[in-house]
Amino acid sequence: MRKNRRMNIVMLIKTSIQQAIAALYNKEISTEDLQINETKPEFTGDYTLVTFALTKLLQKKPDEIAHEIGHYLLSNDTLYTHFEVIKGFLNLTVSDQYYIGFLQQSFDHENYGQATIPPAKVMVEYSSPNTNKPLHFGHLRNIFLGHAVSAILKNAGNEVVKVNLINDRGIHICKSMIAWQLFANGATPESTHTKGDHLVGDYYVKFNDEYKEQVATLQNDGLNEEDAKKQAPILLAAQEMLRKWEAGDPETMELWQKMNDWVYAGFDVTYNKLGITFEKTYQESKTYLSGKSIVEKALANGLLYQKEDHSVWIDLTEAGLDQKLLLRGDGTSVYMTQDIGTAMLKYNDYHMNQSVYVIGDEQNYHMQVLKLILQKMKEPCADGIHHLSYGMVELPSGKMKSREGNVVDADDMVDEMTAIARKNTEELGKVDGFTDEELHRLYNTLGLGALKFYLLRVDPKKKMIFDPQESIDFHGFTGPFVQYSHARICSIMRKANAHNLNVDASQPFSLSVNEKNLLRLLEQYPVLMAQAAREMNPSVVCNAIYQVAKEFNSFLVGHSVLKAENENLKALRLQICLLCRHVIAHGLNLLGIDAPERM
RNA sequence: GGCUCCGUAGUUCAAUGGAUCAGAAUAUCAGAUUUCGGCUCUGAUGAUAGGGGUUCGAAUCCCUUCGGGGUCACCA
């Protein structure tokens with residue numbers, strides 16, 4: 001418990017400055033109003049107080065404040081060994097003793113890196129595929145984000161429920177069904193040796209090809225484009241199939257069930273390969289009706305209005321938005337209706353404080369409207385809705401458009417990454433003694449590590465470009481570099497062979513620049529994990545562990561661990577190794593990436 | 001067109017809703033290292049789209065011009 005309650009250095013500094021201000025000026029200030037930055041490397045010091053904000057309260061010039069507080073701190077608090085004032089910035093040097101003490105407390109702390117933010121029960125919905133085609137590369141950012149954010153929230157003390165919402169009904173599903181019926185001659189995943197989701201996806205593509213041809217033929221026969229698009233026989237057949245589905249036609253339901261099962265089986269294989277799991281899966285075919293009754297209730301309460309054709313609408317113009325359709329004239333539900341129903345169903349199941357939707361930013365407006373509607377309905381689930389919006393992933397060749405056929409399949413991408421991991425590893429020839437199974441697992445670990453890290457290292461809300469060549473380069477700001485650093489530490493620890501880890505703290509130490517830099521990074525880690533949780537931003541984790549890995553490699557160049565100058569120093573450096581290893585593995589784990597001991 | 005998001009080194013990304021010389025990675029160039037793993041390290045070059053404004057201080061806030069994305073469906 002003592003270890004969990006350790007106050008981080010920035011808080012310690014703020015508290016001591018707060019005391020200094022009370023003693024020197026008899027003024028009270030909240031620690032939140034104190035601005036502490038890391039000291040820039042070109043100046044002496046570890047942390048810096050920005051004094052400009054204090055000038056009003058203290059009625060003094062920045063430099064004066066900085067000097068007075070600096071002198072006070074140095075003579076009243078052993079935390080500091082030095083201070084320097086530059087243009088109103090008070091640069092403080094924290095004693096090596098503090099960092100050595102921190103290391104003693106933390107190096108073997110199993111849970112080091114846990115964050116503490118006010119805990120809550122949080123649902124995270126992610127992946128959310130359609131059952132008419134396989135997962136493609138664009139889905140991967142969503143899946144990895146959802147998985148990582150869930151782990152990050154859990155690490156911060158939240159209770160997390162991971163859910164998937166499968167869109168398994170609607171006209172797009174019927175399109176692949178009708179094409180299969182027309183062209184497949186009864187082909188199955190078994191008969192064609194094709195993964196189920198890919199097989200169904202093939203017929204979705206087939207539908208679109210056939211549709212295009214039929215439209216062209218009709219236009220040749222003299223129809224205008226608009227009519228041709230509406231009258232293509234295969235489209236009419238799909239629409240007819242949707243009506244049959246909604247009516248519960250047994251034959252249609254059977255086909256639907258069969259093809260969906262193929263897709264589910266295919267998805268399972270992919271999720272499994274990616275290491276992705278869910279606690280609960282919702283299906284829209286089972287939730288889409290519940291939205292309807294809610295809307296009808298709201299209509300009765302006068303919250304909604306009905307047009308002459310019986311369609312039901314909500315007026316959001318007061319909030320600066322539009323009017324939004326909630327039920328079609330024929331009484332069937334639309335996307336928004338389903339989402340209303342699903343949101344309430346989820347809440348009834350779990351009563352969570354917060355419900356996170358990992359959904360692309362093209363649905364920003366939709367999600368804004370969804371939340372607003374539920375708020376207007378005074379539904380308890382409304383306020384907890386949080387859209388974790390992320391930007392599109394583009395390839396260097398440009399945007400992926402399913403219509404233009406430059407979509408990269410998720411399974412193919414994973415296979416390609418794994419293959420490259422194999423190639424790179426074999427060239428280095430450092431895996432002697434691995435069994436075939438271990439090799440297979442290693443290539444998977446490295447390939448997926450590269451992919452996940454590259455997709456997670458960018459702020460989610462920004463669009464990004466995925467460059468397969470760069471991600472697998474295994475150099476620089478990449479997953480494999482971090483994994484490599486972990487394996488390197490493991491190698492040192494194996495050779496250290498359970499060496500004594502006790503540091504005699506009574507011996508005076510003086511830390512090198514690298515050692516202190518590393519300790520400073522390690523000390524900040526839990527604070528960064530809290531930030532990652534608050535912002536739901538895995539890129540914070542990527543950066544944190546990359547910094548540690550980078551600094552560690554730099555440290556190794558100038559310092560020998562196993563041949564340290566004396567036993568005490570060796571023990572200290574081994575402690576540093578252990579904590580670095582722990583932090584790297586901990587961070588990778590939050591990202592859903594394995595940390596190999598050898599590679 | 002309305003609403004909205006975004007323009008940072010050649011390229012890909014950073015910079016708590018303000019603060020000391022805008023940081024990395026990659027690429028390029030120059031070096032180090034027979035070492036605990038050469039998937040390592042050190043150094044150099046190189047950027048805030050243009051113009052105004054607010055401030056002691058702006059990549060960040062406001063206005064504007066230009067350029068790009070998204071969205072405005074009885075699709076999901």
Side-chain angles (χ1 to χ4, degrees), chain A residues 35-37 39-43 48 50-53 55 62 86-89 91 128 130 132 167 169-173 284 307 309-313 320-322 324-339 360-366 368-369 389 391-392 394 396 399 424-425 427-428 430 446 454 457-459 461-467 469-471 473-478 480-485 487-496 531 534-535 539-540 542-543 546-547 550 552-564 573-574 577 598-599:
Chain A
Q35 188 179 355
I36 304 293
N37 295 340
T39 304
K40 298 219 169 183
E42 55 268 31
F43 298 97
T48 296
V50 182
T51 58
F52 295 90
T55 51
I86 293 171
K87 291 191 199 169
F89 293 86
N91 299 331
S128 310
N130 297 347
N132 60 342
N167 184 284
R169 63 163 292 277
I171 187 73
H172 52 300
I173 309 299
E284 291 200 338
K307 289 193 178 170
D309 64 356
H310 302 302
S311 59
V312 178
W313 297 72
L321 304 177
D322 299 321
K324 197 80 190 168
L325 175 91
L326 294 183
L327 281 181
R328 295 191 184 101
D330 63 4
T332 57
S333 38
V334 291
Y335 181 41
M336 186 63 77
T337 329
Q338 291 181 166
D339 272 4
D361 60 8
E362 74 276 8
Q363 295 200 38
N364 283 354
Y365 182 73
H366 174 81
Q368 192 188 352
V369 171
S389 171
M392 286 292 133
E394 292 175 23
K399 208 175 298 178
N424 288 13
T425 305
E427 279 171 6
L428 284 166
K430 285 184 177 166
L446 297 179
Y454 199 96
R457 70 180 201 175
V458 180
D459 186 336
K461 60 178 174 290
K462 299 193 176 167
K463 69 176 182 191
M464 64 172 291
I465 294 178
F466 176 80
D467 184 342
Q469 286 308 315
E470 188 183 319
S471 82
D473 201 359
F474 291 22
H475 286 272
F477 188 18
T478 64
F481 173 71
V482 177
Q483 290 174 317
Y484 161 77
S485 305
R488 248 187 128 175
I489 301 173
C490 289
S491 168
I492 293 173
M493 294 316 296
R494 278 194 298 272
K495 291 189 171 133
Q531 184 196 337
R534 263 198 318 275
E535 298 175 1
S539 76
V540 172
C542 292
N543 270 298
Y546 170 66
Q547 292 301 328
K550 190 165 128 75
F552 184 81
N553 278 300
S554 187
F555 158 78
L556 278 192
V557 170
H559 305 69
S560 179
V561 176
L562 298 177
K563 293 177 194 156
R573 288 183 183 162
L574 283 171
C577 286
R598 295 174 60 201
M599 62 185 273

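Chain letters run A, B, ... following the sequence lines, proteins first and then strands; every chain starts at 1. What you see below is based on every heavy atom in this structure, not just the backbone, and it leaves out hydrogens, waters and symmetry mates.
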*In Watson-Crick or G-U wobble terms, both distances under 3.5 Å, what is the partner of C3(B)?*
G70(B)
*Using the P atoms only, state how far U42(B) lies from A24(B), rounded to an integer number of Å.*
10 Å
*Value in whole Å for how far the C1' atom of U60(B) lies from CG of D459(A)*: 14 Å
*May I ask you to say what S560(A) touches in the nucleic acid, namely base, sugar-phosphate or nothing, with a heavy-atom cut-off under 4.0 Å?*
base
*Is R488(A) positioned over the aromatic face of Y484(A), cation under 6.0 angstrom from the ring centre and no more than 45 degrees off axis?*
no
*Contact class for F43(A) (heavy atom, under 4.0 Å): base, sugar-phosphate, or nothing?*
base
*Looking at K40(A), does any N or O in its side chain come under 4.0 Å of the phosphate oxygens OP1/OP2 on U20(B)?*
yes
*With both distances under 3.5 Å as the test, what is the Watson-Crick or G-U wobble partner of C29(B)?*
G43(B)
*Complement of G37(B), any strand, by Watson-Crick or G-U distances under 3.5 angstrom*: none
_Between G50(B) and U55(B), how far apart are the two P atoms, rounded to whole Å?_
23 Å
*Determine: side-chain N/O of S554(A) to OP1/OP2 of U42(B), distance under 4.0 Å, yes or no.*
yes
*Taking the six-membered ring of W313(A) as reference, does the NZ or CZ atom of K307(A) fall below 6.0 Å from its centre and within a 45° cone about the axis?*
yes
_pair Q338(A)-R169(A): side-chain heavy atoms closer than 4.5 Å_ = yes
_Using a heavy-atom cut-off of 4.0 Å across all strands, would you classify G170(A) as base, sugar-phosphate, or nothing?_
nothing
_Integer angstrom distance from the C1' of U12(B) to that of A58(B)_ = 25 Å
*Check whether any side-chain nitrogen or oxygen of K550(A) sits under 4.0 Å from OP1 or OP2 of A25(B), and answer yes or no.*
yes
*asked:* Side chain of M599(A) only, heavy atoms from C-beta on: which candidate in A25(B), G37(B), U42(B) is closest?
replied: G37(B)
*Is there a donor N/O on one and an acceptor N/O on the other, under 3.5 Å, for the side chain of Q35(A) and the base of U16(B)?*
yes
*Run the side chain to side chain donor-acceptor pair (under 3.5 Å) check on E284(A) and Y335(A) step by step: do they pass?*
CA-CA 10 Å; E284(A) 291 200 338; Y335(A) 181 41; over 6 Å; no
*Is H475(A) near enough to U40(B) that one of its side-chain N or O atoms lies under 4.0 angstrom from OP1 or OP2?*
yes
*Which whole-number value in Å describes the distance from K495(A) NZ to U35(B) C1'?*
11 Å
*When you check the side-chain N and O atoms of D459(A) and S539(A), is any donor under 3.5 Å from an acceptor?*
no
_C75(B) OP1/OP2 closer than 4.0 Å to side-chain N/O of R328(A)_ = yes
